Amino acid sequence: MAGSGTAHLRDEDDMMIRVENLTVQFPAKGSNVVHAVSGISFDVRCGETLGLVGESGCGKSTTGKALLQLPPPTGGSVQLDGEELTQLSRPEMTARRTDIQMIFQDPISSLNPRRTIGKIVAEPLDVWGPTARDEQWALVASILDAVGIDPEDAKYKRPHEYSGGQCQRISIARALVMEPKVIICDEPVSALDVSVQAQILNMLEDLKAKHGLTLVFIAHDLAVVKNISDRVAVMYLGKMCEISDSDDLYAKPAHPYTQLLMDSHPEPNPDAVIDDTVILGGEIPSPIFPPSGCRFRTRCESADDRCANEEPKMSMISDGHYVACHHPLVEPVS
Amino acid sequence: MSSSAASDSRALLSVRELRTHFNVGDHAVKAVDGVSFDVQEGKTLGIVGESGCGKTVLSRSIMGITTASNASTSGSVTYCGTELAGKSKRELRKFWGEEMAMVFQDPMTSLNPVVRIGRQLTEHLRAHKDLSKSEANDLAVQLLTWVRIPEPKERLSNFPHQMSGGMRQRVCIAIALACSPNLLFADEPTTALDVTVQHQILNLLAQQQQERQMGMVLVTHDLGVVATRTDDIAVMYAGKFVEKASTSALFSGMRHPYTQSLFWSIPKTSEPKHTRLSAIVGRPPNLAALPPGCSFADRCPYVQPICREVEPELQTIDSHSFACHLPVGSSDAEAALSANISAGLPQSKGAAARREAHQGTLT
């Protein structure tokens, strides 16, 4: 569903990220426009982890990249630690990017196969210093060590000599070397095996505590997102459906889309009741011609005329739990 | 319930001591190393394991489609009493499609991108059955209806790129079901798909299986997928089955430390946020240079000297098979774990934290 509104934003001083009415559009064939992200708002407190979850094509990666102004959003505001990023000039933004780093989904293709690990992790330092080789190496070695890669061994090795999990550790080291305030993790564990996934998730939690990081964690796996996030935002077709403390969200999903995602999630529990009637679900509509009103209405069981005509706004269900739906599954406290 | 010890007369498929080794230089990569199991009519066997454990090579070896020239396969694969091992491609072709079929992981690459869906569906229909072009077309429409593709007639003239991932996987399933096979291999059929679509595809497979009384082998890395969709589960590690039991028996009492570790390392929505995951330390062993003894020893929280010396045999107690010297739940295993925890063994840290959090119980 798609909803807009800013009721869920918290007006407190310790917000690291504050995004308001973020819109990202891309030109499409003819004079059409792809509505990748349409007016979403959220904030992330210092030291907090926000999980962004949704199906492919819901705009969660685009949102992550828009925070970094890659590309600059079509509209809306992105504040990092009180500073408005959308108004910065290119060189100013380049300087600010040291504070906000990104980890990508495919750990192997996000590392240059022709460079050594030592060079890959040191590259940000060539730009921002220190540039002295021995100083650089001391820093790189300490960070590689922190992510569980043997620095002496890695210095002259190249990415193909490492497994997927190790490459993801190296990507994390490269992001950490700038001592960022925020790391945007775009599906960092979805290409990894479960045993390695657990190692990386534990390590992210440790690094977050040690370096005082703020994380934006983008993923499609509900259990992974719940495990690592303090708050979770559910996105659908460029809109935000629901945002809440993660325990609260999983205990009492208020949005029909959140419920659908949870019903589809396979829990490793043989006694779990599965709804085996769903064989053909709706598919996500085209973001070029999104449905009017609530964007989820084409797949929603409780959709009615109101959903087609009026876009739902974010409203409070309980303390810190907001949903954009005309027919929420949990009655709001008024 | 299948048992690996004695061949069941009703078994649709019996695999005995199947080995597929790839010869690389002067050593062999033992991708599948002595695997035995049965699949019964109308039942589903789940094969679970991490990447590189040999689960895909296993299903391809059974189908007889390991194409690598350096592969050598031995062992027996019996389908309804007929031995398939050693048959030529030409002979096997009679079995493919009509008797056993396969759905592959990646619906983006398992369809031919430059051939219309209609032709990809009818091509083998016409090869297997004596059908005219229009009869084959009618059947293709029928197949697309079965797999719940809306507007099936119009879809026949589509190219794969005009369909979404979920739709393409439905087409792959339709192709696999076209000649009404009795046995279906589904190799990670939903890994590339969104959870909502995964749910639908698994429902579709279950429904088709029930209607046709097909046997099914569901290969996946996701314990969540097999938990509610299978009758039996086999857990594979480094080319071998390390545990095999009925789904309910497996989840109510895991005996192999690998199965247990795998289960613990999965985040669960039923646990509160920031629950510390018990990761499995290290990586799976190199299949070309397997250590002596148990191949899980280096990562096992229960490891004892015997595990590094003697390879455990698969033993069966009450139709629950496991290959471990110190099966989980035994008093020996508890003692070994306590000793490892007090010795500060790195691989026992996760288990130690878990024991503390759950006040002594490890389940």
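Just so it is clear: chains get the letters A, B, ... in the order the sequence lines come, proteins before strands, and each one is counted from 1. This structure is a prediction, so every number in the text was calculated from the model and none was measured. All heavy atoms count here, side chains included; hydrogens, waters and symmetry mates do not.
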Engineer: Rounded to the nearest 0.5 Å, how far apart are CG of B/L262 and CG of A/D193?
Structural biologist: 8.5 Å
Engineer: Is the closest side-chain heavy-atom distance between A/P266 and B/R229 below 4.5 Å?
Structural biologist: no
Engineer: Heavy atoms only, distances under 4.5 angstrom: which of A/D206, A/L260, A/D271, A/V232 has the most pairs with chain B? Name it, please.
Structural biologist: A/D206
Engineer: Output the distance between atom CD (A/E205) and atom CG (B/L277), rounded to the nearest 0.5 Å.
Structural biologist: 8.5 Å
Engineer: A/S229 and B/K273: which non-hydrogen atoms are nearest, and at how many Å?
Structural biologist: O-CD, 3.4 Å
Engineer: Taking side chain as C-beta onward, heavy atoms only, is A/M262 less than 4.5 Å from B/T269?
Structural biologist: no
Engineer: Between CG of A/N202 and OG of B/S278, what distance do you get to the nearest 0.5 Å?
Structural biologist: 8.0 Å
Engineer: Find the one option among B/H221, B/R299, B/K268 whose heavy-atom pairs under 4.5 Å with chain A are most numerous.
Structural biologist: B/K268
Engineer: Quick one: of A/V194, A/D230, A/D221, who has the most non-hydrogen atom pairs under 4.5 Å with chain B?
Structural biologist: A/D230
Engineer: Name, in order of residue number, those residues of residues 242-252 of chain A that have a heavy atom at a distance of less than 4.5 Å from a heavy atom in chain B; otherwise write 'none'.
Structural biologist: A/D245, A/S246, A/D247, A/Y250
Engineer: Heavy-atom cut-off 4.5 Å, strictly under: side chain, backbone, both or neither for B/E50 against chain A?
Structural biologist: both
Engineer: What part of B/T230 gets within 4.5 angstrom of chain A, counting heavy atoms only: side chain, backbone, both, or neither?
Structural biologist: neither
Engineer: Is it the backbone or the side chain of A/D263 that comes under 4.5 Å from a heavy atom of chain B, or both, or neither?
Structural biologist: backbone
Engineer: Please step through side-chain contact (heavy atoms from CB on, under 4.5 Å) for the pair A/H220 and B/T196, ending with a clear verdict.
Structural biologist: CA-CA 10 Å; A/H220 66 273; B/T196 48; over 6 Å; no
Engineer: At what distance, to the nearest 0.5 angstrom, does CG of A/L201 lie from OG1 of B/T275?
Structural biologist: 11.5 Å
Engineer: Taking atom CD as the centre, does B/E211 end up with more than 12 heavy-atom neighbours from other residues, nucleotides or ligands that are less than 6.0 angstrom away?
Structural biologist: yes
Engineer: So, using side chain to side chain donor-acceptor pair (under 3.5 Å) as the criterion, who are the partners of A/D145 when residues are at least two apart?
Structural biologist: none
Engineer: So, the side chain of A/Q199 versus the backbone of B/I280: is there a donor-acceptor pair under 3.5 Å, distance only?
Structural biologist: yes
Engineer: Compare every heavy atom of B/A227 with every heavy atom of A/E267, then report the nearest pair and how far apart it is.
Structural biologist: O-CB, 3.8 Å
Engineer: Return yes when atom CD of A/E161 has more than 12 non-hydrogen atoms of other residues, nucleotides or ligands closer than 6.0 Å, and no otherwise.
Structural biologist: yes
Engineer: Do you know which two heavy atoms are closest between B/R283 and A/S163, and how far apart they sit?
Structural biologist: NH1-CB, 3.3 Å
Engineer: With a 4.5 angstrom heavy-atom cut-off, which part of B/V226 approaches chain A: side chain, backbone, both or neither?
Structural biologist: neither
Engineer: If you take all heavy atoms of A/P270 and B/T247, which pair is closest and at what distance?
Structural biologist: CB-CG2, 4.2 Å
Engineer: First locate atom CG of A/N227, then atom CD1 of B/I266, and finally report the distance between them rounded to the nearest 0.5 Å.
Structural biologist: 12.0 Å
